[in-house]
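Just so we're clear, the structure is a prediction, and the values are computed from it rather than from any experiment.
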Amino acid sequence: MKRTATAQLTTWKNSQNRKPLVIRGARQVGKTWLMKEFGKQEFKNFVYINFDSNPDMANLFEGSLQIPRLIAGLQIYSGQKISTDTLLIFDEIQEVPRALSSLKYFCEEAPEYAIIAAGSLLGVAMHKGTSFPVGKVDFLDLYPLSFTEFLNATGNENLADLLKSGDWQLITTFKNKYIELLRYYYFIGGMPEAVQTFIDENDFNAVRKVQQNILTAYEQDFSKHAPVETVPRIRMVWQSIPSQLAKENRRFVYGALRKGARAKDFELAIQWLKDCGLIQQVIRLSKPALPLPVYADEGFKMFLSDVGLLGAMSGLDVTTLLHGNAFFNEFKGALTEQYVAQELRCCLSQTPCYWSAERATAEVDFVFQFQSGIYPLEVKAEENLKAKSLKVYSEKYTPAIAIRSSMSDYRHDDWLLNLPLYGISQILTECEKFI
């Protein structure tokens with residue numbers, strides 16, 4: 001399965017100032033597979049260490065963190081010779097905090113060793129105050145497969161390459177195929193096991209079972225790893241997301257969790273879900289100006305990490321998605337915004353924001369920064385060509401270009417660019433044309 005992160009790993013490997021690399025990402029987004037596959041492709045050999053429930057490694061790192069001692073212990077444990085042409089893989093590293101601390105010493109005293117570390121709950125460990133080697137590691141964020149990666153994985157490499165070419169006239173010729181595959185992606189999503197199951201079995205029911213198992217594993221993590229007193233609130237927030245997104249304005253409302261609920265009651269639960277990489281918080285901007293975080297408001301929308309998981313949580317069946325009915329007509333806007341939110345995060349390596357006018361007279365679904373510019377993006381689930389809110393925004397803030405993404409064909413008319421939903425991965429390339 002081809003991942004775009006592989007190119008980032010190669011750049012890291014060849015960097016003159018290489019530091020140990022920490023891969024962040026939710027459980028089951030493919031971190032372990034990626035690390036091992038990269039070790040096979042780019043190194044003479046790799047040594048894989050999983051720190052979860054591993055007393056031998058806990059004892060090794062409990063002692064001195066002198067590098068020769070650690071290398072000797074790792075060689076004995078793995079039964080492999082470790083050289084500078086070996087990739088050391090430390091998985092679930094948050095389970096042994098001193099292993100995390102050791103990355104500082106590898107960086108300072110033995111940078112010749114290539115180390116990649118990962119952990120599904122690494123963000124939680126960092127938030128707890130685990131001694132973290134600040135400034136001594138590089139980071140890479142791994143997400144579920146994007147739509148482009150999905151095209152590559154399912155044997156549609158030519159369509160993926162065509163999107164990258166930017167030949168919109170030719171792309172439009174094959175729009176029906178893109179739209180069909182995008183609907184498949186809405187159901188399957190980008191969790192690697194779900195995608196591989198679809199490739200192997202071509203069975204949407206089997207895909208849904210995989211997604212339900214993933215959701216069950218996430219809920220088990222709540223009970224196993226979160227503070228006991230916070231678990232009920234984590235579940236309340238998590239289980240409310242589909243219904244929150246089903247509302248017309250998608251804004252997260254604490255009162256929907258329970259009567260009289262306030263932000264302070266649930267901020268720890270939301271932070272825990274963010275630290276696990278399970279949700280994205282798209283913050284409201286009071287004003288679209290740089291730097292964006294300065295103008296963040298208290299309002300926000302909350303999305304999951306994966307559109308397929310959102311469908312699974314919502315009970316969306318494949319017949320509904322592919323052929324439509326009243327339920328899908330109500331929910332397709334939520335699925336579309338979820339899809340765009342995760343595509344933007346892959347493109348930008350950050351979560352976008354959104355903007356709404358005072359008194360809610362206009363709202364733009366996403367606002368993001370690219371280089372020194374701020375760009376508004378309105379999302380339409382079908383071929384709706386109205387852009388009233390985008391017009392209000394543009395008249396007030398005069399962006400270099402305003403973007404609408406829908407199922408309509410690519411077109412640029414004066415102040416407005418329509419970018420097809422299936423081509424949202426090319427949004428930064430399009431923005432560059434207006435710099």
Side-chain angles (χ1 to χ4, degrees), residues 5-6 8-27 29 31-32 34-36 38-39 42-78 80-143 225 271-272 274-277 349-350:
T6 302
Q8 296 171 266
L9 291 177
T10 301
T11 299
W12 164 79
K13 179 195 174 190
N14 297 328
S15 172
Q16 291 185 344
N17 299 311
R18 184 181 67 196
K19 302 174 183 177
L21 179 68
V22 173
I23 299 181
R24 298 177 293 197
R27 186 181 297 281
V29 295
K31 298 185 296 297
T32 300
L34 180 66
M35 293 186 294
K36 289 182 175 180
F38 185 67
E42 297 288 337
F43 289 84
K44 183 177 180 180
N45 68 314
F46 69 88
V47 170
Y48 175 79
I49 307 292
N50 191 323
F51 287 92
D52 189 23
S53 301
N54 191 331
D56 291 337
M57 288 297 98
N59 290 334
L60 173 64
F61 283 87
E62 190 59 37
S64 167
L65 295 181
Q66 292 181 342
I67 301 304
R69 175 183 176 275
L70 294 179
I71 293 296
L74 292 170
Q75 288 184 144
I76 294 170
Y77 177 81
S78 66
Q80 297 185 59
K81 175 71 175 177
I82 296 174
S83 69
T84 56
D85 198 23
T86 299
L87 176 63
L88 286 171
I89 300 174
F90 293 168
D91 208 355
E92 300 297 349
I93 192 172
Q94 80 283 347
E95 297 296 330
V96 179
R98 278 181 61 81
L100 197 58
S101 300
S102 76
L103 300 182
K104 171 186 176 182
Y105 302 102
F106 276 103
C107 175
E108 293 177 340
E109 300 172 16
E112 65 273 16
Y113 288 106
I115 302 176
I116 301 181
S120 301
L121 298 167
L122 185 55
V124 173
M126 292 166 62
H127 191 67
K128 285 181 179 178
T130 297
S131 179
F132 194 80
V134 178
K136 305 298 181 182
V137 297
D138 294 321
F139 288 101
L140 186 153
D141 291 313
L142 189 65
Y143 307 117
H225 298 286
Q271 186 63 53
W272 198 91
K274 286 172 63 177
D275 288 339
C276 289
S349 297
Q350 58 184 275

**Asked** More than 12 heavy atoms of other residues, nucleotides or ligands under 6.0 Å from CZ of Phe43: is that the case?
**Response** yes
**Fill in**
Here the gap from Asn45 atom CG to Asp85 atom CG, rounded to the nearest 0.5 Å, amounts to 7.5 Å
**Fill in**
Residues Ser53 and Pro55: closest non-hydrogen pair is O-CD, 3.5 Å
**Asked** How about Thr10 and Glu42: do any of their side-chain heavy atoms sit closer than 4.5 Å?
**Response** yes
**Asked** Do Glu92 and Ser120 come within less than 4.5 Å of each other through their side chains, counting heavy atoms only?
**Response** yes
**Prompt:** Which value, rounded to the nearest 0.5 Å, describes the distance between Glu109 atom CD and Ser102 atom OG?
**Reply:** 10.5 Å
**Request:** Looking only at non-hydrogen atoms, find the nearest pair between Cys107 and Pro20 and report the distance.
**Result:** CB-CD, 3.7 Å
**Prompt:** How are the rings of Phe38 and Trp12 set relative to one another: parallel (under 30°), tilted (30 to 60°) or perpendicular (over 60°)?
**Reply:** tilted
**Request:** Verify, without hydrogens or angle tests, whether Lys31 (side chain) and Ile23 (backbone) share a donor-acceptor contact under 3.5 angstrom.
**Result:** no
**Prompt:** So, for Leu87 and Met35, which heavy atoms are closest and what is the spacing to 0.1 Å?
**Reply:** CD2-O, 3.8 Å
**Prompt:** Do any N or O atoms from the side chain of Arg18 and from the backbone of Ile115 form a donor-acceptor pair under 3.5 angstrom?
**Reply:** no
In a table with atom names and distances, give each donor-acceptor pair under 3.5 Å that connects a side chain of residues 66-78 to protein atoms at least two apart or in another chain.
residue, atom, partner, partner atom, Å
Arg69, NH1, Leu60, O, 2.8
Arg69, NH1, Ser64, O, 2.7
Arg69, NH2, Leu60, O, 3.3
Gln75, OE1, Ile82, N, 2.9
Tyr77, OH, Asn54, ND2, 3.0
Ser78, OG, Leu74, O, 2.8
Ser78, OG, Gln80, N, 3.3

**Message:** So, using ring pair (Phe, Tyr, Trp, His ring centres under 6.0 Å) as the criterion, who are the partners of Tyr113 when residues are at least two apart?
**Reply:** none
**Item:** Shortest non-hydrogen contact between Lys19 and Asp138, atoms and distance
**Value:** N-OD2, 3.3 Å
**Prompt:** Given side chains that start at C-beta, do those of Trp272 and His225 come closer than 4.5 Å, heavy atoms only?
**Reply:** yes
**Request:** Please tell me if the side chains of Thr32 and Tyr48 come closer than 4.5 Å, counting only heavy atoms from C-beta onward.
**Result:** yes
**Message:** According to ring pair (Phe, Tyr, Trp, His ring centres under 6.0 Å), who are the partners of Phe46, at least two apart in sequence or on a separate chain?
**Reply:** none
**Request:** Can you see which heavy atom on Leu34 is nearest to which on Ala5, and at what distance?
**Result:** CD2-CB, 3.9 Å
**Message:** Using a 6.0 Å cut-off, check whether atom CD of Glu62 has over 12 heavy atoms from anything other than its own residue.
**Reply:** no
**Asked** Is the side chain of Arg98 donor-acceptor paired with the backbone N or O of Gly63 at a distance under 3.5 Å, no angle test?
**Response** yes
**Asked** Hey, which of Leu21, Leu65, Ile93 is the one that makes side chain to side chain contact (heavy atoms under 4.5 Å, CB included) with Leu103?
**Response** Ile93
**Asked** Can you name the closest pair of heavy atoms from Gln8 and Leu140 and give their distance?
**Response** CB-CD1, 3.7 Å
